[in-house]
There are 2 protein chains.
Amino acid sequence: MTSPDPRRDESDFLAGYDPRDYDPVSVTVDVVALTIRDGDLHVLLVRRGSAPYAGMWALPGGFVRGVRDAEDLPDAAVRELAEETGLSAKDGVLGRVHLEQLGTYGAPGRDPRMRVISVAYLAFAPELPDPEAGGDAADAAWVPLAALGLTEAAEQRPGTTRRLAFDHARILADGLERARAKLEYSPLATAFCGGEFTIPELRTVYEAVWGEELHAGNFHRKVLSVPGFVESTGTTSDKGGRRGGPRPRLYRAGDARLLHPALLRPSREEEIR
Amino acid sequence: MTSPDPRRDESDFLAGYDPRDYDPVSVTVDVVALTIRDGDLHVLLVRRGSAPYAGMWALPGGFVRGVRDAEDLPDAAVRELAEETGLSAKDGVLGRVHLEQLGTYGAPGRDPRMRVISVAYLAFAPELPDPEAGGDAADAAWVPLAALGLTEAAEQRPGTTRRLAFDHARILADGLERARAKLEYSPLATAFCGGEFTIPELRTVYEAVWGEELHAGNFHRKVLSVPGFVESTGTTSDKGGRRGGPRPRLYRAGDARLLHPALLRPSREEEIR
DNA sequence: CCAATAGTGTCTATTAGACATTATAAA
DNA sequence: TTTATAATGTCTAATAGACACTATTGG
């Protein structure tokens, strides 16, 4: 086999190699962008306008610019996210979005037309405006995860959840699990909040992502006990709780990169074995 | 821009699209294969035979078969690993190797000749034979990580460690950090051991990967206290410790997928902020 | 007033980690 | 015999989590 791999240029075939002559593989980025709206976890989706999977929801994404205007993978993810949401990365709105690589999906046949390898990114965003339906998508919206039928059981069985195009249900499920795990040992829950937030607000983030209610009192004391998680602004919110209660204090994100001790999810006996 | 992205076939350009017409991007897999030899952590490396980076060590890897004999990414990783080590995946030797995706590296310019996006995999292997230098590599060997100058400081500054080709020093550093973190909450340390192992043997795995000595007594009790981490074979090793001591009992891997409670690394104050 | 909420206090079971102890095997 | 090691025991500080309590707000 005439391998043009750069790691194999011990072979005799290297001179004049042109990747176009070889197996064509396309590379895309897809973004799992999560946010909290009205206490519920939402994901940014676009609706496909044509076949395959016409009319179905899909993760925003697109082709990586390979040689002309070559871009790094995170740049491609930010660009696609900005294009689909209609927000500019220079607004400072997207500037506060946390972005990290989730994984790469390259099973043959995941795109029915050709070989596509997709690098998926995970984004944590504070509450953003509704996306503009323009761009390449027939529609674009923040969709509550509860509306996607991505139940625990469906996540276990890839392929049974047929509401998203391609293998995007699996990518979304992986992103969700990553987000759940990250909240345990990293301060990234603050990436879902604005610049200033209250402890109860932070708790709704944990509850929305983990999908379970937390004990308000223990959560409060726990957050304050982790060094560098949050720092006080000295100010107080101008409103009490939705149905009453004292005005909560305001905090901003601290300088910790890891939470120690971690905030562990309650009782996941099922996942252990 | 005529976007051939399958996620954008709302555009008018789709009919008759051929990826060869577009920006050529090559996709490779690289493998960070780790094992323990004589109590020290080793990585599988190959020595490059020609430019660029001729004579330098690099991670084993190669081109993903895209369309002809299309293969999934993990299959490509196993194939490359098998080719470089001279071991067959059907030996059962590679069958017990743990393999997981590490991340994808696609910065423009990471390969001086063309745009290459590399999907990196991380492998945990029990002690394997020396690789056969044949195949595509000028040389192949298990290299102790201590010999690579990958000190803590060097890991922090990508680019300063110049002993590995391309960005492989960064990939290796990321793989090392992933391995260190995984030992905390997953039972994957057992993947470095044979089918039966002793608790002190398991402790040397943790010590080699984490790079610090652990308290033997506390480690012993801790491992046994985690449900499903190890299960007793009822038998005892036929030899005592290297310099004396009673014969340790033998265990095999249990059925736990997560360690609870986790085995946390001692004192990483530096990493927290 | 009433109900919900923010924030704090208290108690108990679990855990981490330092240190000690005993038995066993290699040199 | 000496020394290192396996395995267990003991003690203390830190932590998780259940529960109670108060003060304060919205309705």
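Model, not experiment: these values are computed from the prediction. Because only heavy atoms are used, hydrogens play no part in the values below, and waters and symmetry mates are left out as well, while side chains stay in. In what follows, chains carry the letters A, B, and so on, assigned in the order in which the sequence lines appear, proteins first and then strands, with residues in each chain numbered from 1.
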B:Glu213 atom CD is separated from D:dA4 atom P, nearest whole Å, by 13 Å
Gap between atoms CG and P, on B:Leu224 and D:dA6 respectively (whole Å): 13 Å
Can you list the residues that meet the side-chain contact (heavy atoms from CB on, under 4.5 Å) rule with A:Ala123, with sequence neighbours excluded? A:Val31, A:Ala33, A:Leu81, A:Val97, A:Leu99
Residue pairs fulfilling side-chain hydrogen bond (donor to acceptor under 3.5 Å, both in side chains) with at least one residue in residues 185-201 of chain A, sequence neighbours excluded: none
Under the side-chain contact (heavy atoms from CB on, under 4.5 Å) test, which residues partner A:Leu264, sequence neighbours left out? A:Glu184, A:Ala262
In B/S/- notation (B base, S sugar-phosphate only, - none; protein heavy atoms under 4.0 Å), nucleotides 9-14 of chain D written 5' to 3' is BB----
By salt bridge (Lys or Arg N to Asp or Glu O under 4.0 Å), which residues pair with B:Arg203, not counting sequence neighbours? B:Glu207
Sequence-distant partners of B:Asp40, salt bridge (Lys or Arg N to Asp or Glu O under 4.0 Å), two or more places apart: none
Can you sort out the partners of A:Arg37 under salt bridge (Lys or Arg N to Asp or Glu O under 4.0 Å), two or more places apart, ordered by chain and number? A:Asp130
For residues 237-248 of chain A, please give each side-chain donor-acceptor pair under 3.5 Å, one per line with the distance, not counting sequence neighbours.
| unit_1 | atom_1 | unit_2 | atom_2 | d |
| --- | --- | --- | --- | --- |
| A:Ser237 | OG | A:Lys239 | N | 3.3 |
| A:Ser237 | OG | A:Lys239 | O | 3.2 |

Using OP1 and OP2 only, check whether a side-chain N or O of A:His220 sits under 4.0 Å from C:dA6. no
Take the protein atom NZ of B:Lys239 and the nucleotide atom P of C:dA26, then report the distance between them rounded to whole Å. 9 Å
For B:His98, run the ring pair (Phe, Tyr, Trp, His ring centres under 6.0 Å) check against B:Phe192, B:Phe124, B:Tyr121 and tell me which one passes. B:Phe124
Atom pair distance, as rounded to whole Å: CG in A:Leu264 and P in C:dT15: 12 Å
Any donor-acceptor pair under 3.5 Å linking the side-chain atoms of B:Tyr105 with those of B:Asp174? yes
A:Ala189: what forms a side-chain contact (heavy atoms from CB on, under 4.5 Å) with it, not counting sequence neighbours? A:Leu183, A:Leu202, A:Val205, A:Tyr206
Whichever of B:Leu263 and A:Pro200 has its nearest DNA chain C nucleotide further upstream toward 5': A:Pro200
Relative to the 5' end of DNA chain C, which residue comes earlier, B:Pro261 or A:Tyr251, by the nucleotide with the nearest heavy atom? A:Tyr251
Heavy atoms within less than 4.0 Å of DNA chain D: which residues of residues 242-250 of chain B have one? Give them sorted by number. B:Arg243, B:Gly244, B:Gly245, B:Pro246, B:Pro248, B:Arg249
Under 4.0 Å, heavy atom to any atom of DNA chain D: which of residues 181-193 of chain A qualify? none
Can you tell me how far C1' of C:dT8 sits from CD1 of A:Ile199, to the nearest Å? 13 Å
Pairing residues for A:Glu231 by the salt bridge (Lys or Arg N to Asp or Glu O under 4.0 Å) criterion, not counting sequence neighbours: A:Arg252
